[in-house]
Amino acid sequence: MRLLVQDQRKMSSYSSNFLLVPIPEYPVLDCVPNKTVKIVVLGASNVGKTALIVRFLTKRFIGDYEANTGALYSRKINLEGEQVSLQVQDTPCVALQDDADGLYCQEQINRSIYWADGYVLVFSITDHSSYRTVQPLYQHVRKIHPTGNIPVILVGNKCDLLRARQVAASDGEALAQELGGVYFEASARENHEGVHAAFLHLCQEVSRALGSCNGEKRRGLHLVRPKSPNMQDLKRRFKQVLSSKVKSSTTL
Ligand SMILES: Nc1nc2c(ncn2[C@@H]2O[C@H](COP(=O)(O)OP(=O)(O)OP(=O)(O)O)[C@@H](O)[C@H]2O)c(=O)[nH]1
């Protein structure tokens, strides 16, 4: 047990970016970034939404994730020389209704869609039904934001599983073009760079769209801020990373 605590300290001192404990949003009052980039990650079940967020924020891949109930992570990042507060909202899965015309989408997800400024739509290249979910999901986002530009990227995750591929890269590209976004194929499991490039692209798009004002000012004050990650959940994930289940080939 003591060893675990020491290890935690040692790791924390290597990088302030380590693990899922969010960096305090505003640790020093005079360093408060005046811009907040709010991103929500959406998609069908089991496509790797949580894995992608964890990869982006920690550079690590953890094999097993509990089906999540939607956690919000925040940290400060540098975008094109500007300090920005980044908030990333994980969400429970959405599913197509039996008639495939509509979506099962929890109210919590609707609030996150309303709240966000940028959208990561994820499917798994090994699961064609998750791909078919994307178009109705985008339409759903459009219903909530009927006017204006919607910064969006489409991520085809699990591209390490090439033999199990069910969605061609060209189909991903075609769909992204239809949605007005860029397509990224990524593997949360195998590769940090691809995931980082995808999220960074969206952050930059959102940041440019926001200009010098904050998203909340742009659209008027938003309703309810999505749920912050509860500490039990963060502690569990923290322990999970430190356990022998860690399967990462990257070093900090
Ligand atoms: N091979 C492979 N497996 C992945 C990848 N990303 C995620 N997984 C696995 O896919 C499963 C689902 O990952 P999650 O991140 O929980 O997926 P999710 O979309 O958040 O799932 P829900 O909580 O059901 O909505 C886990 O077993 C992950 O280890 C990837 O890039 N490659």
Side-chain angles (χ1 to χ4, degrees), residues 19-20 39-73 87-97 103-113 116 119-134 136-138 140-141 152-169 172 183-199 202 226-227 229-230 232-234 236-250:
L19 301 182
L20 275 178
I39 282 173
V40 65
V41 180
L42 300 162
S45 172
N46 216 36
V47 294
K49 297 181 292 298
T50 307
L52 287 165
I53 296 171
V54 171
R55 215 9 151 172
F56 173 56
L57 295 178
T58 72
K59 298 189 179 171
R60 287 176 183 259
F61 177 73
I62 310 164
D64 297 317
Y65 304 87
E66 279 174 18
N68 75 80
T69 52
L72 177 72
Y73 302 102
Q87 298 185 339
V88 185
Q89 177 72 51
D90 197 358
T91 56
C93 61
V94 297
L96 283 176
Q97 280 175 345
L103 278 179
Y104 289 114
C105 196
Q106 294 177 23
E107 188 46 37
Q108 175 189 356
I109 299 180
N110 292 334
R111 281 202 301 272
S112 297
I113 292 172
Y119 302 85
V120 181
L121 305 185
V122 186
F123 69 90
S124 164
I125 66 150
T126 66
D127 175 4
H128 201 271
S129 72
S130 71
Y131 172 78
R132 289 196 299 276
T133 306
V134 172
L137 182 53
Y138 179 77
H140 190 72
V141 173
V152 62
I153 57 167
L154 179 63
V155 177
N157 190 35
K158 305 197 183 182
C159 71
D160 55 295
L161 299 175
L162 281 179
R163 286 184 176 184
R165 184 189 276 277
Q166 292 182 1
V167 182
Y183 179 56
F184 293 87
E185 278 204 350
S187 166
R189 183 187 185 99
E190 302 271 293
N191 179 278
H192 167 70
E193 284 73 22
V195 176
H196 188 258
F199 275 83
L202 182 63
K227 205 176 100 185
N230 93 33
Q232 289 301 329
D233 187 45
L234 285 174
R236 180 183 54 71
R237 284 162 189 244
F238 192 83
K239 280 185 189 155
Q240 204 178 24
V241 173
L242 291 173
S243 77
S244 57
K245 285 184 179 173
V246 172
K247 295 174 188 167
S248 168
S249 56
T250 57

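Everything numeric in this text was worked out from a predicted model, so none of it was measured. Counting from 1, the numbers follow the sequence of the chain as shown. When a ligand or atom number is given, it counts from 1 through the structure's own listing order.
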Report yes if some N/O of Ala188 lies less than 3.5 Å from some N/O of ligand 1; otherwise report no. yes
Indicate the atoms forming the closest heavy-atom contact of Ala186 with Leu52, along with that distance. CB-CD2, 4.5 Å
Counting from 1 in the order shown, the ligand 1 atoms closer than 4.0 Å to a non-hydrogen atom of Ala51 are 6 (N), 7 (C), 15 (O)
Just distances here: any N/O of Phe61 and N/O of ligand 1 closer than 3.5 Å? no
State the atoms of ligand 1, each with its element, that fall below the 4.0 Å cut-off from a heavy-atom position in Cys93. 25 (O)
I need the minimum non-hydrogen distance between Ser124 and Ser130, along with the two atoms involved. N-OG, 2.9 Å
What's the spacing between Leu161 CG and Arg189 CZ if we round to 0.5 Å? 7.5 Å
Quick check: does Asn157 get an N/O under 3.5 Å from an N/O on ligand 1? yes
Do any N or O atoms from the side chain of His192 and from the backbone of Arg55 form a donor-acceptor pair under 3.5 angstrom? yes
Check Leu161 against ligand 1 and report side chain, backbone, both or neither, counting heavy atoms closer than 4.0 Å. side chain
Work out which heavy atom in Ile113 is nearest to a heavy atom in Tyr119; give both atom names and the distance. O-OH, 2.6 Å
Could you pull out all residues at least two apart from Tyr131 that satisfy ring-ring contact (aromatic ring centres under 6.0 Å, His included)? Phe123, His128
Regarding ligand 1, does Val47 bring an N or O atom to under 3.5 Å of one of the ligand's N or O atoms? yes
Say whether Asn46, considering both its backbone and side-chain N or O atoms, lies within less than 3.5 Å of an N or O atom on ligand 1. yes
Among Asp160, Val195, Asp127, closest by heavy atom to atom 1 (N) of ligand 1 is Asp160
Taking all non-hydrogen atoms of both residues, which atom of Gly48 and which atom of Asn157 are closest, and how far apart? CA-ND2, 3.6 Å
So that I can tick it off, tell me whether Glu190 and Lys158 are bridged by a salt bridge, with the cut-off set at under 4.0 angstrom between side-chain N and carboxylate O. no
Which ligand 1 atoms are under 4.0 Å away from a heavy-atom of Arg189? 1 (N), 2 (C), 30 (C), 31 (O), 32 (N)
Could you establish whether Gly43 and ligand 1 come within less than 4.0 Å of each other, counting only heavy atoms on the residue side? no
Backbone or side-chain N or O of Ala186 under 3.5 Å from ligand 1 N or O: no
